[in-house]
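All remarks here apply to the structure that follows.
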Amino acid sequence: MYEDLLNQVFDRFLTGPRLFRDREVLRPDYVPKELPHREDQILHVGRILVPVLKGSRSSNIFLYGQTGTGKTAVIKFIIDRLTKKSQEIEAPVVACYINCRLTGTDYRVFSKLCEVVDINVPFTGLATNEVFDRFKVALDSKKILLIVVLDEIDFLVREQGDDLLYDLTRGNESLQSSKVSVVGISNDLQFKEHLDPRVLSSLSEEEVVFRPYTAIELGDILQARANLGFVSGTLTKGALNLCSALAATEHGDARRALDLLRVAGELAEREGKSKVIEEHVRSAQNKIEEDRITSTLKTLPLHSKLVLCSCYLIKQAGYDGVITGNVYEVYGELCRKIQLESLTQRRVSGLISELDIMGLLNASLINMGRYGRTKKIKLGIPEKVIREIFVKDEWLSTLLDYKPRCLCSLK
DNA sequence: CGTCCACAGGAATGACGGGCGG
DNA sequence: CCGCCCGTCATTCCTGTGGACG
């Protein structure tokens, strides 16, 4: 019986109108052949990097701009062309793209660099300096010009400090036959304040700023991708414009716009419709947000879930906008109930801040004068959503209807 | 006008499971 | 096997703080 239903799904998909020509071009990591409205940046960065083709080191560059403004696409685009050109003229140029958020630590960045120069290092166990030294030795023997692209570099600096950048930018001094150029990419300009002045000055020998796209520019970008990605005539102008308008209000984020477009298309396809209309875009916006919430909710560590659950119970009991101390009390009660060792208030305070950043809670600092300084905490997502996810959780399902005792003393 | 609440949030340190080279 | 280092998470200790209260 399931088989029949599933067959229906298959048939409907196969016989239904075809909307996508090529889904891949709508994915965020796709690098198109044309990057509309980024010609200036491409040329600018290209001119800075071009000396490597003639065997001299290029300046270090710092690229800055909000998410979805094309920084990554631009640099990948240039690296790709530059590598091709260097192979053509047999210039010893090697480029290496590293996303610092995915790579995570100094150690892992260095071990990735080691891969580039063909040496193997264990993925853990060695001193970071040791890995760097091995990298330098191998690099020097290779006689190449290495371009290291460090994407989302602010993340690495926040977590690890600027030691890596210091080592890397100063590495040239001890290199005989190879040279290193660093391209740093960040969407947070403030992070420069955390840098050692020496690192800062050598990293930002050149700076390129990426302005957010306007709604009109986003429209052009989407149109170009839609031509490749959708069967012509299936995407209405209205739907496309709505995507660009929505993404433009969110600091001109092209990634967001493309996501909206792709998901809207998928929704239309699932409904068996032959056209993507504005309604699909609106649904897509909701779906993206919902998916984001449910997936973060599911992958939360146990204690974070408990903290969130505490806030949920407080809200259920009719209180809105409690302070850290209240949440900690309820949390403590929950821990006792499931016989779990509770964390310290310091830690829970940190967890609350993390949940705030993820948007699952809204925590704002308030001063109550004589009565102290604390955070006022509210749920950031509907109670319904929390319940839906937590009833499937082995620890939390039993707690969802619990009435915290310590709330009685609250007014 | 000083006090003092109820925490915020930084820094240092520790425990832990993993892996190294020797 | 040892001594060392790794990243991660948590603890402990700490200093900082805006403004209502007395």
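In this text the structure is predicted, and so the values were computed from the model without any measurement. We name chains A, B, ... by the order of the sequence lines, and we start the count at 1 in each one.
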Given axes from five pairs at either end, by how many degrees does the helix from dC1(B)-dG22(C) to dG22(B)-dC1(C) bend, rounded to 10°? 30°
Answer yes or no: is there an ion pair linking Arg262(A) with Asp259(A), defined by an N-O contact shorter than 4.0 Å? yes
Salt bridge between Asp80(A) and Lys76(A), side-chain N to carboxylate O under 4.0 Å?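 The answer is no: the pair does not qualify as a salt bridge.
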Set out, in order, the CA-CA distance, both residues' side-chain angles and the distance that settles salt bridge (Lys or Arg N to Asp or Glu O under 4.0 Å) for Glu290(A) and Lys287(A), then state yes or no. CA-CA 5 Å; Glu290(A) 269 170 37; Lys287(A) 183 173 187 306; over 6 Å; no
Distance in angstrom units between [X] [atom1] and [N] [atom2], rounded:
X	N	atom1	atom2	value
Gln345(A)	dA8(B)	CD	P	6 Å
Ile366(A)	dA20(C)	CD1	P	12 Å
Arg370(A)	dC5(B)	CZ	P	6 Å
Glu341(A)	dC9(C)	CD	P	18 Å
Phe110(A)	dG7(C)	CZ	P	11 Å
Leu340(A)	dA10(C)	CG	C1'	14 Å
Lys376(A)	dC7(B)	NZ	P	15 Å
Leu351(A)	dC9(C)	CG	P	10 Å

When you measure from the side-chain N and O atoms of [X] to the phosphate of [N], is any distance below 4.0 Å, counting only OP1 and OP2?
X	N	result
Thr324(A)	dC7(B)	no
Thr344(A)	dT11(C)	yes
Arg347(A)	dA10(C)	yes
Lys375(A)	dG9(B)	yes

State yes or no: are the ring centers of Phe20(A) and Phe230(A) separated by less than 6.0 Å? yes
If you only use heavy atoms from C-beta on, which nucleotide in dC7(B), dT11(C), dG9(B) is closest to the side chain of Ile323(A)? dC7(B)
Side chain of Asn367(A), heavy atoms from C-beta onward: which of dA20(C), dG19(C), dA10(C) has the nearest atom to it? dG19(C)
Consider only side-chain N and O atoms of Ser353(A) and Lys375(A), and report whether a donor and an acceptor are under 3.5 Å apart.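 A pair is found: one side chain offers a donor N or O, the other an acceptor, under 3.5 Å apart.
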Please check if any side-chain donor atom of Thr69(A) sits under 3.5 Å from a side-chain acceptor atom of His251(A), or the reverse.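 Short answer, no.
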Closest nucleotide of DNA chain C for Arg373(A) versus for Met368(A): which of these residues is on the 5' side?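 Looking at DNA chain C, the more 5' nearest nucleotide goes with Arg373(A).
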Heavy atoms only, 4.0 Å cut-off, all strands: where does Leu365(A) land among base, sugar-phosphate and nothing?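 If one applies the 4.0 Å heavy-atom cut-off, Leu365(A) turns out to touch the sugar-phosphate alone, with no base involved.
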Can you give the donor-acceptor pairs under 3.5 Å from side chains of residues 339-352 of chain A to other protein atoms, not counting sequence neighbours?
unit_1, atom_1, unit_2, atom_2, d
Thr344(A), OG1, Arg347(A), N, 3.3

